[in-house]
Each structure stands twice: as structure tokens, then as C-alpha cells.
Amino acid sequence: MALEELNNQIYVCRKCRLWQGAKHGVPGEGPINAKVMLVGQNPGAEEDETGRPFVGRAGKFLTKVLAENGITRDDVFITNIVKHVSPKNRKPFSDEVAACLPYLQMQISVIKPKIIVLLGASAKDTPRLEGIEYLEVIHPSAAMRFKNMEDTFTVQIAELAKIISKN
Ligand code: SF4
């Protein structure tokens with residue numbers, strides 16, 4: 001299945017309650033042959049407005065740290081565990097994650113990334129598949145708020161850059 005067709009399914013999806021409070025589905029974006037996929041928890045308010053992933057403050061911070069390590073947004077596919085914003089940006093419920101995970105599974109099978117970066121604890125539900133290297137990092141929204149977490153996050157993204165250079 002092409003990514004565009006998958007995106008169209010996400011835009012009209014009603015498989016869980018989250019679409020009810022959303023303006024836009026946010027499937028994710030990036031090249032179809034991206035070597036690296038980044039997975040976060042859920043779209044926030046700015047992502048819901050624009051239909052694009054990681055464009056708010058945390059997204060800009062993530063983009064900056066990636067760029068400092070020679071990784072541009074054009075190099076990576078960025079998405080979330082669930083594709084619609086949640087009320088007051090709460091953590092998605094387990095039934096919402098379960099309903100939405102097949103989209104992430106399909107994105108992984110189409111894009112076939114070599115590396116998947118899990119942004120924060122909620123991304124740990126991402127399917128683990130053989131042949132893919134997984135890297136767990138702090139969520140950028142936490143990293144931008146606390147200096148010690150920012151330092152750790154910076155080291156983790158530098159590690160990602162090293163892994164990319166070996167692939
Ligand atoms: S969050 Fe996922 S499962 Fe729920 S309505 Fe949106 S696309 Fe469908």
C-alpha cells in the first residue's frame with residue numbers, strides 16, 4: 001500500500017474516540033525510503049492545526065538537535081503512536097493505542113526503516129521487528145524543560161547520528 005493511500009485512511013479513521021476532538025489526522029511525514037523513523041506519543045495542538053507532526057515547540061527543539069548532529073527532517077520519517085490529538089494532550093488510552101497501532105505497523109512495512117527512534121515512554125508500544133535497530137530516547141518536550149534531560153537527549157541524538165553513519 002502506498003503511503004498516500006494509508007494517509008487517506010487515517011484522515012477518515014473512526015476506529016477510536018480521538019478523531020472526535022481533532023481538526024486533522026496527522027499520519028506523519030518524511031521520505032518513503034527513510035532509513036530512520038522517529039515515533040512519538042500523539043500529535044499536539046499545533047500538529048492538529050497543521051496536520052503535520054512535530055511542528056510545535058517540542059518539534060522545533062527536536063529539529064534543532066537533529067540538525068546539530070547533521071540529521072535533517074528530510075532524512076527521517078516522523079510519526080506518532082496515535083494519529084489524532086488527544087483531549088488536553090493526555091496520554092492515549094491503551095484501547096486507542098491498540099486501535100491505531102496497525103497504521104504504524106503498515107508505515108513500518110512500507111518504509112522499511114533500519115532504525116526506529118522511540119521518543120519517550122509512550123512510544124515503547126511500537127512494534128519490535130527483527131532487522132530493525134531500536135533506540136529509546138527522552139521525549140523532546142521533557143528534554144527542552146529540564147537541563148539534565150536536555151544533556152541526556154543531546155547525547156542520545158549524537159548516538160543516533162553514529163548509528164546512522166554505520167548503516
Ligand atoms: S487515533 Fe488512530 S485509531 Fe483513533 S481515530 Fe485516529 S487514526 Fe483512527
Side-chain angles (χ1 to χ4, degrees), residues 1-63 65-66 73-145 153 160:
M1 182 192 293
L3 275 187
E4 201 180 312
E5 192 185 330
L6 190 51
N7 292 353
N8 289 335
Q9 287 185 19
I10 291 168
Y11 296 141
V12 298
C13 180
R14 305 288 184 261
K15 287 200 283 172
C16 81
R17 62 189 74 78
L18 291 181
W19 69 272
Q20 294 170 357
K23 290 183 181 159
H24 295 104
V26 186
E29 65 183 26
I32 194 164
N33 60 350
K35 207 190 281 186
V36 181
M37 178 183 278
L38 292 97
V39 183
Q41 177 177 283
N42 58 281
E46 292 183 56
E47 290 76 18
D48 182 44
E49 279 294 334
T50 59
R52 297 185 56 218
F54 282 91
V55 292
R57 282 185 64 220
K60 290 189 175 86
F61 176 76
L62 170 66
T63 303
V65 178
L66 287 173
R73 288 279 295 244
D74 293 339
D75 295 330
V76 297
F77 189 90
I78 304 191
T79 187
N80 286 291
I81 284 274
V82 299
K83 314 302 192 193
H84 281 101
V85 69
S86 53
K88 297 187 179 164
N89 212 25
R90 66 157 167 76
K91 193 170 179 252
F93 297 146
S94 57
D95 64 321
E96 296 160 349
V97 171
C100 212
L101 269 185
Y103 293 123
L104 181 58
Q105 271 162 344
M106 284 187 267
Q107 288 172 323
I108 294 170
S109 68
V110 170
I111 294 164
K112 299 182 178 59
K114 288 192 162 35
I115 305 152
I116 295 184
V117 182
L118 308 173
L119 300 167
S122 297
K124 287 179 183 163
D125 289 320
T126 299
R128 308 291 179 121
L129 301 174
E130 244 179 77
I132 298 178
E133 190 163 353
Y134 291 83
L135 183 66
E136 295 179 11
V137 307
I138 290 171
H139 195 281
S141 64
M144 61 188 276
R145 283 204 305 271
F153 182 72
L160 171 64

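When a ligand or atom number is given, it counts from 1 through the structure's own listing order.
- E96 pairs in a salt bridge (charged side-chain N to carboxylate O under 4.0 Å, His left out) with only one of the listed residues (R17, K83, K15), which is R17.
- The side-chain heavy atoms of V65 and P140, taken from C-beta on, include no pair separated by under 4.5 Å.
- Considering only residues two or more places apart in sequence or on other chains, A142 meets the side-chain contact (heavy atoms from CB on, under 4.5 Å) condition with I138, M149.
- Sorted by first and then second residue, the salt bridge (Lys or Arg N to Asp or Glu O under 4.0 Å) pairs involving residues 33-47 (not counting sequence neighbours) form an empty list.
- Pocket lining of ligand 1, defined as residues with a non-hydrogen atom under 4.0 Å away: C13, K15, C16, L18, W19, K83, H84, A99, C100, Y103.
- The number of heavy atoms from other shown groups lying within 6.0 Å of CD (E4) does not exceed 12.
- Under the side-chain contact (heavy atoms from CB on, under 4.5 Å) criterion, V117 pairs with V36, L38, I115, L119, V137, L160, not counting sequence neighbours.
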